[in-house]
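Here is the structure we will look at, set down as structure tokens.
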Amino acid sequence: TMWIYPKRLYARFYPGVSDTNKINLLLEKYELQKNPNLFLGNEQQLSAYLDIKSKRAEYYFTPYGKENFCNFGADSLVEYVFGIFDMQGVRIPTGEIVFKFIDGTSEARIDSFFNVNGLRFLGTRPDYPTGLFHWTFITPKAKKNVLDMGYELQFVPFVSSCSVGMLMRIMLP
């Protein structure tokens, strides 16, 4: 069981969004504040830890599988927002899902798999002695949050391994 840390979120903004003034206005609209007071660079896009001033953390999450939903996570600047977990806020799902596919799985099948599941392909990294890891980010087009998607997709027949990207960091209140 993972407990949602009630005071903080992790958000990633769409690639190409570089106007921090627009992002700051959005944060102000939803009564959120950066902690620390800066944006982080992550794979050519901005991300941030956000302190919650009022509502529950779940109110801000990206609304996977829901149409016409209006909240911070559904805003056109936001690609991913999700909770930080554990009593001290030390487990931070980054929105990454990393896959290794069974040998012989075609790139066309992998691309289709990513597209159908609302995943944005980031790239590959070697897995020694052979093979590749495929790095992805979850997008609002996914039907479930990153933890549920990671769990579900590990059982796809041509997936040999699947893991959700998780930062482990001490986050003091």
Side-chain angles (χ1 to χ4, degrees), residues 1-35 39-86 89 91-99 108-123 134-156 159 162-167 171:
T1 301
M2 292 174 55
W3 301 95
I4 293 176
Y5 184 64
K7 299 176 183 181
R8 197 159 292 139
L9 302 166
Y10 177 78
R12 191 179 66 244
F13 302 93
Y14 274 106
V17 174
S18 59
D19 187 342
T20 56
N21 289 325
K22 284 184 181 179
I23 295 172
N24 285 330
L25 288 172
L26 180 65
L27 297 178
E28 198 173 293
K29 174 182 174 182
Y30 285 99
E31 299 181 344
L32 295 167
Q33 184 176 357
K34 294 183 299 293
N35 183 323
F39 289 103
L40 310 167
N42 186 353
E43 300 290 338
Q44 271 92 61
Q45 67 188 127
L46 297 174
S47 62
Y49 298 109
L50 303 174
D51 284 341
I52 300 168
K53 295 181 183 178
S54 56
K55 298 180 171 91
R56 294 173 52 99
E58 300 92 317
Y59 173 81
Y60 301 96
F61 291 0
T62 303
Y64 300 107
K66 297 177 184 165
E67 293 184 25
N68 303 319
F69 200 83
C70 185
N71 74 343
F72 177 75
D75 189 272
S76 63
L77 298 178
V78 179
E79 184 178 41
Y80 170 82
V81 62
F82 200 52
I84 293 175
F85 295 87
D86 288 344
R91 291 183 185 199
I92 306 162
T94 60
E96 294 173 315
I97 303 178
V98 180
F99 296 93
R109 186 171 197 184
I110 292 169
D111 291 344
S112 175
F113 171 73
F114 292 156
N115 188 44
V116 164
N117 288 292
L119 300 171
R120 181 166 55 88
F121 176 68
L122 291 175
H134 289 70
W135 243 259
T136 66
F137 270 151
I138 193 167
T139 72
K141 293 178 184 174
K143 293 178 177 66
K144 297 179 179 181
N145 70 59
V146 69
L147 297 177
D148 291 338
M149 286 291 287
Y151 178 76
E152 181 179 294
L153 296 178
Q154 70 181 330
F155 299 110
V156 171
V159 171
C162 171
S163 63
V164 173
M166 190 87 64
L167 289 174
M171 304 289 285

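- The aromatic rings of H134 and F121 sit tilted relative to each other, their planes meeting at an angle between 30° and 60°.
- The side chain to side chain donor-acceptor pair (under 3.5 Å) pairs that include a residue from residues 51-62 are R8-D51, E31-S54, N35-D51, R56-E58, where partners are two or more places apart or lie in different chains.
- Atom CD1 of residue I97 and atom CG of residue L147 lie 9.0 Å apart, to the nearest 0.5 angstrom.
- V146 approaches E96 most closely through the heavy-atom pair CG2-O, 4.1 Å.
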Checklist entry - Where do F85 and I4 land on the side chain to side chain contact (heavy atoms under 4.5 Å, CB included) test, with the steps shown first? => result CA-CA 4 Å; F85 295 87; I4 293 176; 3.3 Å; yes
Next on the checklist: Walk me through whether I23 and V17 qualify under side chain to side chain contact (heavy atoms under 4.5 Å, CB included).
Outcome noted: CA-CA 8 Å; I23 295 172; V17 174; 3.7 Å; yes
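- Atom NZ in K22 sits 11.5 Å away from atom OG1 in T20 (nearest 0.5 Å).
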Checklist entry - Passes side chain to side chain contact (heavy atoms under 4.5 Å, CB included), F39 versus N24? Steps please. => result CA-CA 10 Å; F39 289 103; N24 285 330; 3.7 Å; yes
Next on the checklist: Go through it in stages, so that I can follow the logic: the residues are F99 and I110, the test is side chain to side chain contact (heavy atoms under 4.5 Å, CB included), and I'd like the CA-CA distance, side-chain angles, deciding distance and then a yes or no.
Outcome noted: CA-CA 10 Å; F99 296 93; I110 292 169; over 6 Å; no
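- Heavy-atom minimum distance, E79 versus P140: O-CD, 3.2 Å.
- Residues Y49 and L40 form a side-chain contact, since some pair of their non-hydrogen atoms from C-beta on lies under 4.5 Å apart.
- The aromatic rings of F82 and F61 are tilted relative to each other, their planes meeting at an angle between 30° and 60°.
- A pairwise comparison of heavy atoms in M166 and P93 identifies SD-N, 3.6 Å as the closest pair.
- Not one N or O on the side chain of N115 forms a donor-acceptor pair closer than 3.5 Å with the backbone of D111.
- If you take OG1 on T139 and OH on Y80, they are separated by 12.0 Å, rounding to the nearest 0.5 Å.
- Residues Y64 and D148 have side chains not in contact (no heavy-atom distance under 4.5 Å, counting atoms from C-beta outward).
- In plain terms, the two heavy atoms of A48 and K34 that are nearest each other are CB-CG, 4.4 Å.
- Side-chain atoms of Q154 come within 3.5 Å of backbone N or O of Y151 as a donor-acceptor pair.
- Between atom CZ of residue R12 and atom OG1 of residue T94 there is a gap of 7.5 Å, rounded to the nearest 0.5 Å.
- When all heavy atoms of Q45 and F137 are compared, the pair lying nearest together is OE1-CE1, 3.0 Å.
- No side-chain donor-acceptor contact under 3.5 Å links N117 to the backbone of L119.
- With values rounded to the nearest 0.5 angstrom, T136 atom OG1 is found 8.0 Å from F113 atom CZ.
- Rounding to the nearest 0.5 Å places CG of L26 at 11.5 Å from CG of D19.
- Nearest approach of V81 to G73, heavy atoms of both residues: CG1-CA, 3.3 Å.
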